[in-house]
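As a basis for the values below, the full set of heavy atoms in this structure was taken, side chains included, without hydrogen atoms, waters or symmetry mates. Here the structure is a predicted model, which means the values were calculated and not measured.
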Amino acid sequence: MAGLSFRHIYKKYPGGVTAVSDFCLEVKDKEFIIFVGPSGCGKSTTLRMIAGLEEITEGELFIGDKLVNDIAPKDRDIAMVFQNYALYPHMTVADNMAFGLKLRKVPKDEIKRKVEQAAKILDITHLLDRRPKQLSGGQKQRVALGRAIVREPKVFLLDEPLSNLDAKLRAAMRTELTKLHKRLETTFIYVTHDQVEAMTMATRIVVMKDGLIQQVDTPQNLYDYPVNLFVAGFIGTPQMNFIEAKLVDKGGDVYVTWCTEETKDQPSIVSTVKLPADKANAPELKDYIGKEVIMGIRPECLRDDEESIAKMSDAVIEATVDVTELMGAEIYLYMTSAGQKLTARVSPRSTTRSGDAVKIALDVSRVHIFDKDTEKCIIH
C-alpha cells in the first residue's frame, strides 16, 4: 500500500495551454481521495499523470517513497478503471480479469485463485463465463473493478467510473465502492464532476477549477466552511444562495441589506437581516462595514414555518414564490426577495404555493460573507 506526494505539479501543452498549475497534495495511505470540479478543470489530466499516461511538465510525483516521473505506467504498481470500462469484447469475464496477470507471467493456479477471490468480493462469480455484450452496465463496471483488484495494486485510479450508469444503479454502486475501499484497505483516487459522489464516498475531496486546487478538506468541512464563492456554490444541492448585499452598522448592530433599484414607477423594495453578535463582532468583518459583499446561505437555512418566523424575528424577509417543487421528503421553494433569487428547502407539509407572498426566516447563525472582489470567504 502507498500514499502519494504531489510536489508543484504542472501540465502544459504546446501553444501555451496549462491544464494543471502548481498542484501540491499529500495523499495518505488507504485514503479515498476524490478530485471534483467542472469539465476542463484538470482533474482527469491529473489522474492520467499519476497513471503515467500523461507526461508531467514540471514538479515531482512520488508513489510511496518512489519518484515516478520517468517510470513507465506498467511499473508504477497502479490500476486504472476507465469511464467506458475498456473490456475486451471477445474474452470472457474471467479472461478479462486475468489478462493483466497473464501478461506478467503469473502462474495459472495463482491467476485462478485471484480471479475467483475478486469475483466473490464483487458478487460476479456467476458471470465468469459470459462475454461483455451479455452484461449490464453495472456488471461491466464490476468486471472492470475486478480486473483492477486482481493485480493488488498500491493505488486504484478511477476516472468517472459511474457516469454511464442510470441514477438508481449509480447510487447502489457508490455504496459498493465505499464497502470495497474499506475491504481492500488500499489508496483510492477517484475523479468525478458529480459532487454527490464526492460527498458520499470521499475521506477528503480536492475541489479544482481551471487547473488549480481551490480547497482540500473532508466533505463536511467543505460544506460548512468553503474558502471561496466557487467551492460554496459547487458543493451542495441545491446550491448555496448568493445575495449581493451591503453591510450596515446601526447602533453597534450589523445588518445585511439588499434592495431593488428605485424607478419612476416603482419604489425600492428592501430586505434586511441582522447578523448575530458573534459574526457582527468578528474582526475580519470590520473593514467591510458600509461596503458591498456577497452573503451566502444554504437552502435548508431558509424556513417558512411560523415557529421559525417567530423565533428568528431579526432575520425575516418577505419574498414572492415563483415555483415550488415537491421532492417527496421536502419541497423546494424558488423565490424572489427584493430582486434577489433564493431557493429554500422546506418541510413537505408546507402549504406555500407558487405565486404566494410569504415571510421567510433566515438562520443567520449559518450565513457566510464573501468579499465581492476576491470572492474569498470573510466569515463563516
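Both Ile71 and Ile56 are assigned to one and the same hydrophobic cluster, defined by single-linkage of ILVMFWY side chains at heavy-atom distances under 4.5 Å. Neither Val206 nor Leu222 shares a network with the other; the hydrophobic side chains, linked directly or stepwise wherever heavy atoms of I, L, V, M, F, W or Y lie under 4.5 Å apart, form separate groups for each. Ile9 and Tyr190 fall into different hydrophobic clusters, where Ile, Leu, Val, Met, Phe, Trp and Tyr residues are linked whenever their side-chain heavy atoms come under 4.5 Å apart, directly or through other members. Under the 4.5 Å side-chain heavy-atom criterion for ILVMFWY residues, a single connected hydrophobic cluster contains both Val273 and Ile360. Criterion: ILVMFWY side-chain heavy atoms under 4.5 Å apart, direct or through other members. Under it, Phe188 and Ile34 are part of a common hydrophobic cluster.
Under 3.5 Å, the side chains of Ser271 and Gln340 contain no donor-acceptor pair of N or O atoms. Under the 3.5 Å distance criterion, with hydrogens and angles disregarded, a donor-acceptor pair is assigned to the side chains of Arg7 and Ser5. Side-chain contact of Asp129 with Thr92: a donor-acceptor pair under 3.5 Å is absent, judged by distance alone. For the residue pair His8 and Glu60, no side-chain donor N or O sits within less than 3.5 Å of a side-chain acceptor on the partner. Judged by distance alone, the side chains of Thr192 and Glu160 never bring a donor and an acceptor atom under 3.5 Å apart.
Between Glu55 and Lys11 no salt bridge is recorded (no basic side-chain N to carboxylate O distance below 4.0 Å). Salt-bridge formation is detected for the pair Glu110/Lys114: a Lys NZ or Arg NE/NH1/NH2 atom is positioned less than 4.0 Å from an Asp or Glu carboxylate oxygen. Salt-bridge annotation for Asp371 and Lys376: absent, with no side-chain N of the basic residue lying under 4.0 Å from a carboxylate O of the acidic one. Comment: Asp322 engages Lys341 in a salt bridge, judged by a side-chain N to carboxylate O separation of less than 4.0 angstrom. Note on Asp95 versus Lys102: salt bridge recorded, some NZ/NE/NH1/NH2 to OD/OE distance being below 4.0 Å. Between Arg174 and Glu197 there is no salt bridge, since none of the side-chain N atoms of the basic residue sits less than 4.0 Å from a carboxylate O of the acidic one. Salt-bridge formation is detected for the pair Glu330/Arg345: a Lys NZ or Arg NE/NH1/NH2 atom is positioned less than 4.0 Å from an Asp or Glu carboxylate oxygen. Between Asp363 and Arg303 there is a salt bridge, with a side-chain nitrogen of the basic residue lying less than 4.0 Å from a carboxylate oxygen of the acidic one. No salt bridge links Lys120 with Glu116; every basic N to acidic carboxylate O contact stays at or beyond 4.0 Å.
A donor-acceptor pair under 3.5 Å is absent between the side-chain atoms of Trp258 and the main chain of Met295, judged by distance alone. Of the possible donor and acceptor atoms, one in the side chain of Asp29 sits under 3.5 Å from a partner among the backbone N and O of Ala2. Between the side chain of Lys154 and the main chain of Ile63, no donor-acceptor pair closer than 3.5 Å is present. With Asp356 contributing its side chain and Thr352 its backbone, the two residues share no donor-acceptor pair below 3.5 Å. Under a 3.5 Å cut-off, the side chain of Ser21 and the backbone N or O of Leu212 do not form any donor-acceptor pair.
Counting non-hydrogen atoms of other residues, nucleotides and ligands closer than 6.0 Å to OH of Tyr225 gives a total of 12 or fewer. The number of heavy-atom neighbours closer than 6.0 Å to CD of Glu318, taken from other residues, nucleotides and ligands shown, is 12 or below. Counting heavy atoms of neighbouring residues, nucleotides and ligands inside a 6.0 Å radius, atom CD of Glu284 exceeds 12 of them.
Taking both residues in full, the closest heavy atoms of Ala232 and Phe370 are given as CB-CZ, 3.7 Å, listed atom of the first, atom of the second, then distance. The two residues Ala51 and Met80 make their nearest non-hydrogen contact at CB-SD, 3.8 Å.
Between Ile331 and Glu325 the shortest side-chain heavy-atom distance does not fall below 4.5 Å. In this structure, Val256 and Lys246 have side chains that are not in contact, with every pair of non-hydrogen atoms separated by 4.5 Å or more. Considering only heavy atoms from C-beta on, Ile235 comes within 4.5 Å of Met199 through its side chain. Inter-residue side-chain proximity for Phe6 and Ile50 is flagged as met; some heavy-atom pair is nearer than 4.5 Å. Residues Val321 and Thr336 fail the side-chain proximity criterion, which asks for heavy atoms closer than 4.5 Å. Side-chain atoms of Leu333 and Thr343, non-hydrogen and from C-beta on, never get closer than 4.5 Å to each other.
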Practice problem: Could you walk me through whether Glu244 and Lys372 pass the salt bridge (Lys or Arg N to Asp or Glu O under 4.0 Å) test, one step at a time? | Solution: CA-CA 8 Å; Glu244 293 187 16; Lys372 194 174 180 183; 3.7 Å; yes

Quiz item: Where do Val36 and Phe234 land on the side-chain contact (heavy atoms from CB on, under 4.5 Å) test, with the steps shown first?
Solution: CA-CA 9 Å; Val36 72; Phe234 195 83; 3.5 Å; yes

Practice problem: May I have the step-by-step check of side-chain contact (heavy atoms from CB on, under 4.5 Å) for Leu61 and Leu67, ending in yes or no? | Solution: CA-CA 6 Å; Leu61 172 62; Leu67 179 66; 5.7 Å; no

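With sequence neighbours excluded, no residue satisfies side chain to side chain donor-acceptor pair (under 3.5 Å) with Tyr10.
Tyr223 carries Arg298 over the face of its six-membered ring, with the cationic atom under 6.0 Å from the centre and within 45° of the normal.
Within the hydrophobic cluster formed by Ile, Leu, Val, Met, Phe, Trp and Tyr side chains joined at under 4.5 Å, directly or through other members, Tyr13 is accompanied by Val17.
Between Phe23 and Phe35, the distance from one ring center to the other falls under 6.0 angstrom.
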